[in-house]
Amino acid sequence: MSIAGFEVEVDRGRGLETEEMTLNMGPQHPSTHGVLRFVVKADGEIMRRAIPDVGYLHRSIEKISEKVGYHGFMPYTDRVDYVAAMFCNQGWGMVTEKLADIEVPKRGEYCRVIAAELNRISSHLLSVGTMILDIGAITPFFHAFREREKINDLLEELCGARLTYNYMRIGGVAWDLPPGYEEKVLAFLSQFDRMLEEYDDLVTSNKLFRARCSGVAAISPADAAAYNLVGPNLRACGVRYDVRRDEPYSVYPELEFDVPVGTGSAGAVGDSFDRYLVRILEIKESIKILRQCFQQIPDGPVVAKVPRKLKPPAGDVQIRVESARGDMSWYAVSDGSEFPYRCKVRTGSFAAMGMIEELSKGLMLADLVTVIASLDIVAPEVDR
Amino acid sequence: MEAAEIHAALRDKFSDKISATDEAAKDPSAVVDGAAIREICAFLRDDERLRFDVLNNQTGVDYKAEGYIEVVYHLYSYEYRHGVVLKARANRDEPVLPSVEEVWKAANWLEREIYDLLGVKFLDHTDLRRLLMPEDWVGYPLRKDFVEPEEYHGISTTRESLLR
């Protein structure tokens with residue numbers, strides 16, 4: 001066609017598309033929970049794709065393991081995922097115990113599970129609290145963090161630290177439960193039950209929250225498997241798989257708990273709302289596990305006798321731990337010396353982060369925040 | 001399926017490409033021909049008795065003395081709840097392996113990480129860039145002979161020790 005005497009080519013097939021815009025989100029952005037960056041290619045408000053740029057928190061933790069020895073590496077594992085450090089402790093403990101054939105005393109295993117489940121609750125509280133904060137509501141965040149502080153206090157009493165616990169040792173845990181710990185935890189749990197109801201009323205049935213999450217970035221079980229999505233993110237897609245139940249470790253076979261999965265109650269199965277809801281349901285399961293632990297915990301030592309200079313026989317092993325962010329896979333190689341030859345940890349956030357570019361295609365720009373928050377990505381866990 | 005049965009199924013299909021299997025180890029594993037890794041993985045994923053639908057972990061180990069880099073694949077099946085470990089070896093001087101991204105999308109980032117830290121090149125990978133290290137970084141940090149550079153863009157990497 002011609003406009004004002006000039007020939008203009010109009011491509012009618014493209015509809016209302018406009019010029020592609022490149023936006024930068026991060027590395028310092030309130031919703032990225034750590035330092036990570038996205039390069040967003042957007043067409044107006046529709047994202048064509050969001051390309052993650054990670055590595056800002058790369059602290060070469062795997063390389064450090066080769067220099068500090070088996071016992072010395074334990075405090076470093078805290079920094080893999082500082083929101084749920086107990087699981088990293090447990091993972092490193094378990095992989096070394098498998099390498100060196102060490103058996104953890106029963107009481108030590110129960111102490112580990114108690115610490116880990118408390119940590120799972122606090123990590124899920126952080127996840128759901130910040131998710132709704134990112135979506136735009138402030139109050140529930142304070143409710144979640146108020147309870148999380150109480151768990152931090154409990155964990156501080158257990159091991160002296162609030163985030164980087166360094167509680168577990170190869171062969172067990174560092175300290176037995178302090179006196180009166182059972183009463184304190186049970187008292188916390190009974191008031192926490194009521195708080196969860198309050199949280200449900202405030203958030204789960206909230207119309208605006210549902211509108212922002214329902215149907216956003218729904219993932220099919222096949223895609224979840226292809227991208228190796230794990231943990232609550234996988235279960236939200238309807239796959240009933242939990243390492244604690246399906247590849248049991250520690251004392252989980254002696255404990256009864258359900259594995260909640262996403263049902264699509266707000267829209268589609270595997271959408272952001274399902275990922276939120278699965279975490280809330282998992283908190284309830286963790287409470288169940290904790291109550292059982294205190295009923296069943298036997299007396300005895302909490303840590304096995306392990307030589308100071310640990311030299312596991314040469315070989316390579318892998319173990320899997322159900323961390324708060326899902327199946328955390330530890331792989332360690334020993335060459336028979338007192339230093340690990342190689343250690344690798346594949347974390348839940350790493351897999352989830354690798355999927356964002358695919359998930360972001362065609363979403364609204366504002367939904368990117370929802371997706372990151374609902375996948376519960378913790379940046380240091382991606383970079384290590 | 002037990003590891004021995006899975007290894008037998010592998011040997012039936014790719015007799016000459018499976019160089020060793022170890023069932024006695026804590027984690028049974030099979031050492032396979034690196035050049036055929038993609039076909040082997042596709043077979044493991046699609047075979048009805050096996051159905052390895054997940055690449056649970058993929059990583060590399062630098063065996064400097066032996067002269068190769070070993071890439072380790074931990075596969076898992078949600079359907080049958082069994083797992084298998086594959087090991088593919090690549091020459092240390094110029095490590096090249098086919099990418100398994102086509103088989104499992106998760107390999108995209110895992111292989112980028114291995115490329116970044118160990119320098120293994122994956123053929124037919126759609127986006128083989130460094131993942132964690134800066135793009136202009138020289139060398140592969142997880143190699144056993146890696147020497148940390150003195151400085152990076154004028155920023156010193158060493159500090160005077162406070163311990164005397």
When you measure from the side chain of A:Ser60 to the backbone of A:Lys63, do you find a donor-acceptor pair of N or O atoms at a distance under 3.5 Å?
no
Is the A:Tyr70 ring parallel, tilted or perpendicular to the A:Trp92 ring (thresholds 30°, 60°)?
parallel
So, do [X] and [Y] sit near enough that their side-chain heavy atoms are less than 4.5 Å apart?
X: B:Ile6; Y: B:Leu50; answer: yes
X: B:Tyr152; Y: B:Asp136; answer: yes
X: A:Met328; Y: A:Glu381; answer: yes
X: A:Val371; Y: A:Leu363; answer: yes

Within 45 degrees of the axis of the six-membered ring of A:Tyr341 and under 6.0 Å from its centre: does A:Lys311 put its NZ or CZ there?
no
Residues of residues 59-66 of chain B within contact distance of chain A, non-hydrogen under 4.5 Å:
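The stretch touches chain A at B:Thr59, B:Gly60, B:Val61, B:Asp62, B:Tyr63, B:Lys64.
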Ordered numerically, the heavy-atom neighbours of chain A under 4.5 Å found in residues 25-47 of chain B are B:Lys26, B:Asp27
Tell me, side chain or backbone of [X] under 4.5 Å from chain B's heavy atoms, or both, or neither?
X: A:Met355; result: neither
X: A:Asp327; result: side chain
X: A:Tyr56; result: neither
X: A:Val333; result: side chain

Among B:Gln58, B:Arg112, B:Glu113, which residue has the highest count of heavy-atom pairs closer than 4.5 Å to chain A?
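Looking at each of B:Gln58, B:Arg112, B:Glu113 in turn, B:Glu113 comes out on top.
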Enumerate donor-acceptor pairs with a distance under 3.5 Å from any side-chain N or O in residues 230-243 of chain A to protein atoms, sequence neighbours excluded.
| unit_1 | atom_1 | unit_2 | atom_2 | d |
| --- | --- | --- | --- | --- |
| A:Asn233 | OD1 | A:Arg279 | NH2 | 2.9 |
| A:Asn233 | ND2 | A:Leu375 | O | 3.1 |
| A:Arg235 | NE | A:Glu282 | OE2 | 2.8 |
| A:Arg235 | NH1 | A:Tyr241 | O | 2.9 |
| A:Arg235 | NH1 | A:Glu322 | OE2 | 3.1 |
| A:Arg235 | NH2 | A:Glu282 | OE2 | 2.6 |
| A:Arg235 | NH2 | A:Glu322 | OE2 | 3.0 |
| A:Arg240 | NH1 | A:Val259 | O | 2.6 |
| A:Tyr241 | OH | A:Arg320 | NH2 | 3.1 |
| A:Tyr241 | OH | B:Tyr76 | OH | 3.0 |
| A:Asp242 | OD1 | A:Arg244 | N | 2.8 |
| A:Asp242 | OD1 | A:Arg244 | NE | 3.3 |
| A:Asp242 | OD2 | A:Arg244 | NE | 3.4 |
| A:Asp242 | OD2 | A:Arg244 | NH2 | 2.9 |

As a test of understanding, state which of A:Leu368, A:Asp53, A:Val39 forms a side-chain contact (heavy atoms from CB on, under 4.5 Å) with A:Met25.
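Running side-chain contact (heavy atoms from CB on, under 4.5 Å) over A:Leu368, A:Asp53, A:Val39 with A:Met25 returns exactly one hit, A:Leu368.
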Examine whether an atom of [X] lies under 4.5 Å from a heavy atom of chain A, and if so say whether it belongs to the side chain, the backbone or both; otherwise answer neither.
X: B:Leu142; value: both
X: B:Leu117; value: side chain
X: B:Asn108; value: neither
X: B:Val85; value: neither

Any luck finding a side-chain donor-acceptor pair between B:Tyr68 and B:Asn91 under 3.5 Å?
no
Pairing of [X] and [Y] as salt bridge, 4.0 angstrom limit:
X: A:Glu358; Y: A:Lys361; answer: yes
X: B:Arg11; Y: B:Asp16; answer: no
X: B:Arg130; Y: B:Glu135; answer: no

Greatest number of heavy atom pairs closer than 4.5 Å to chain B - which of A:Ala351, A:Ala226, A:Gly55
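Going by pairs under 4.5 Å, I would pick A:Ala226.
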Taking ring pair (Phe, Tyr, Trp, His ring centres under 6.0 Å) as the test, write out the residues that go with A:Tyr76, two or more places apart.
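Counting only residues at least two positions away or on another chain, A:Tyr76 forms no ring pair (Phe, Tyr, Trp, His ring centres under 6.0 Å).
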